[in-house]
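Accompanying notes for the structure given below.
One is the number of the first residue; the rest follow in order along the sequence.
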Amino acid sequence: MMNDAHRPRSPQEARPIALTADDDEFFRLALRSILTRHLDVQEVIETGSFDEALEKLAERSDVFLALFDLQMPGLESAMSLRVVRENFPEVRVAVVSSSQQRQDIIAALHAGVHGYVPKSLGAADLARALGLILQGTIFVPTSLAELTPDEEDASDMRAPPPFSVEKGMPPLTPRQQQVLELLVEGRSNKEIARTLKLGEGTVKIHMAALFRNLGVANRAAAAVVGARLLSGHGSPRG
């Protein structure tokens, strides 16, 4: 847990700092303009992958708002954002995506995000939506109320089946794959951090995401599952 000295302050106390995670450089520039010019955001930290976003959040304890695109490297689904909410509870997390599929919106809300903003909104409406999220409102597109899911939609919104070793390697980010291999080798968090040139806190965040993807509760279980997976699939770093 963060102490009070390092806890991000609300927009009423100081100009907020935001992080954007999107592999579209031009859209990141557009978000930067909206955040700084219309919402008085002090600084925007830009990242192009889920791994990079996690590492920046681990490095910066002053981020107040984090915006994620769903279609970027390392983000398997909206449910991956639960790791962000669990490890950075003080950060307001929102999706800014071109997808308006009902199951994506529901999955993101189930992961605990503070808003889901369609990229199709005009600049003024996008600024208004992000402003509401900054103020503490949970924002969802009006299309969520207009859509009636059919049976196929309803099945898509159910929780995915639990992971099993028999199904093979689950979708992991490149960094999670590296952490898994080193974990199986018996490395400690400190040794993993040194090898990957990361902070120990950052390694713990990747480890938490790895545990969730593997469906395990601790590093011992992850090492056992990882060893079985790697023995059948070779080195994930290769």
Side-chain angles (χ1 to χ4, degrees), residues 18-28 30-31 34-35 46-54 56-57 63 65-89 91-134 136-163 167 170-176 205 208-210 212-215:
L19 176 142
T20 59
D22 195 314
D23 62 345
D24 184 336
E25 181 179 358
F26 292 105
F27 192 75
R28 291 203 310 267
L31 275 181
I34 289 172
L35 290 167
E46 296 185 27
T47 65
S49 72
F50 189 54
D51 280 339
E52 186 183 3
L54 287 179
K56 288 296 184 183
L57 286 171
V63 173
L65 174 69
L67 305 176
F68 290 85
D69 180 29
L70 291 183
Q71 298 173 336
M72 70 170 173
L75 190 60
E76 179 62 25
S77 71
M79 285 304 296
S80 300
L81 296 175
R82 186 180 289 265
V83 172
V84 181
R85 291 289 295 116
E86 290 174 347
N87 287 279
F88 307 100
V91 178
R92 298 198 68 78
V93 178
V95 170
V96 182
S97 175
S98 57
S99 171
Q100 294 193 57
Q101 295 186 49
R102 185 182 182 88
Q103 58 265 35
D104 287 338
I105 301 171
I106 295 295
L109 294 173
H110 186 61
V113 304
H114 299 95
Y116 192 105
V117 184
K119 284 185 176 181
S120 58
L121 293 181
D125 287 335
L126 186 58
R128 189 176 302 112
L130 295 178
L132 289 171
I133 294 168
L134 276 170
T137 299
I138 304 295
F139 180 88
V140 295
T142 56
S143 60
L144 186 63
E146 297 168 358
L147 294 174
T148 302
D150 55 23
E151 292 182 1
E152 182 178 355
D153 291 331
S155 65
D156 287 340
M157 287 185 284
R158 297 184 190 124
F163 163 74
K167 294 180 179 179
L172 302 177
T173 69
R175 190 67 85 190
Q176 288 168 18
I205 302 302
L210 182 61
R212 176 171 292 279
N213 284 338
L214 295 179

Q. Mind checking what makes side-chain contact (heavy atoms from CB on, under 4.5 Å) contact with Ser77, not counting sequence neighbours?
A. Met79, Ser80

Q. Mind checking whether Phe88 and Ile205 have side chains closer than 4.5 Å, heavy atoms only?
A. yes

Q. Between Lys119 and Asp22, is there a salt bridge with N-O shorter than 4.0 Å?
A. yes

Q: For residues Leu35 and Ala18, report the shortest heavy-atom separation together with the two atoms involved.
A: CD1-CB, 4.1 Å

**Q.** Leu31 CG to Thr20 OG1 distance, which is reported to the nearest 0.5 Å
**A.** 6.0 Å

Q: Just do the side chain to side chain contact (heavy atoms under 4.5 Å, CB included) check on Val113 and Phe68 with the steps written out, would you?
A: CA-CA 10 Å; Val113 304; Phe68 290 85; over 6 Å; no

(Q) For Leu126 versus Pro118, what's the shortest heavy-atom pair and its separation? (A) CD1-O, 4.3 Å

Q.
I want to check something: taking the side chain as every heavy atom from C-beta on, are Tyr116 and Ile106 in contact at a cut-off of under 4.5 Å?
A. no

(Q) Under the criterion side chain to side chain contact (heavy atoms under 4.5 Å, CB included), I'd like the reasoning laid out for Val91 against Leu19: C-alpha separation, chi angles, the key distance, then a yes or no. (A) CA-CA 10 Å; Val91 178; Leu19 176 142; over 6 Å; no

Q) Where do Val117 and Ile133 land on the side chain to side chain contact (heavy atoms under 4.5 Å, CB included) test, with the steps shown first? A) CA-CA 10 Å; Val117 184; Ile133 294 168; 3.8 Å; yes

Q: Find the distance between CD (Gln71) and CG (Asp23) and round it off to the nearest 0.5 Å.
A: 9.0 Å

Q. Of the non-hydrogen atoms in Gly74 and Thr173, which two are nearest, and what is the gap between them?
A. O-CG2, 3.0 Å

Q) Would you say His114's side chain and Val93's backbone share a donor-acceptor pair under 3.5 angstrom? A) yes

Q.
Applying salt bridge (Lys or Arg N to Asp or Glu O under 4.0 Å), can you list everything that pairs with Arg128, at least two apart in sequence or on another chain?
A. Asp125

(Q) Rounded at 0.5 Å granularity, tell me how far CD in Glu46 sits from CD in Glu52. (A) 9.5 Å

Q | Nearest-0.5 Å distance, CG of residue Leu67 to CD1 of residue Ile34 | A | 10.0 Å

Q) Once you round to the nearest 0.5 Å, how far does CG of Asp51 lie from NZ of Lys56? A) 13.0 Å

(Q) Please check this pair: side chain of Asp104 against backbone of Ser99, looking for a donor-acceptor N/O pair closer than 3.5 Å. (A) no

Q | Closest non-hydrogen atom pair, Pro73 against Gly48 | A | CD-O, 3.7 Å

Q) Which residues pass the side-chain contact (heavy atoms from CB on, under 4.5 Å) test with Val83, sequence neighbours left out? A) Asn87, Ala209, Arg212

Q. Which atoms form the tightest heavy-atom contact between Arg92 and Leu134, and what is the distance?
A. CD-O, 4.1 Å

Q | Worked verdict on Asp69 versus Leu75 for side chain to side chain contact (heavy atoms under 4.5 Å, CB included) | A | CA-CA 8 Å; Asp69 180 29; Leu75 190 60; over 6 Å; no

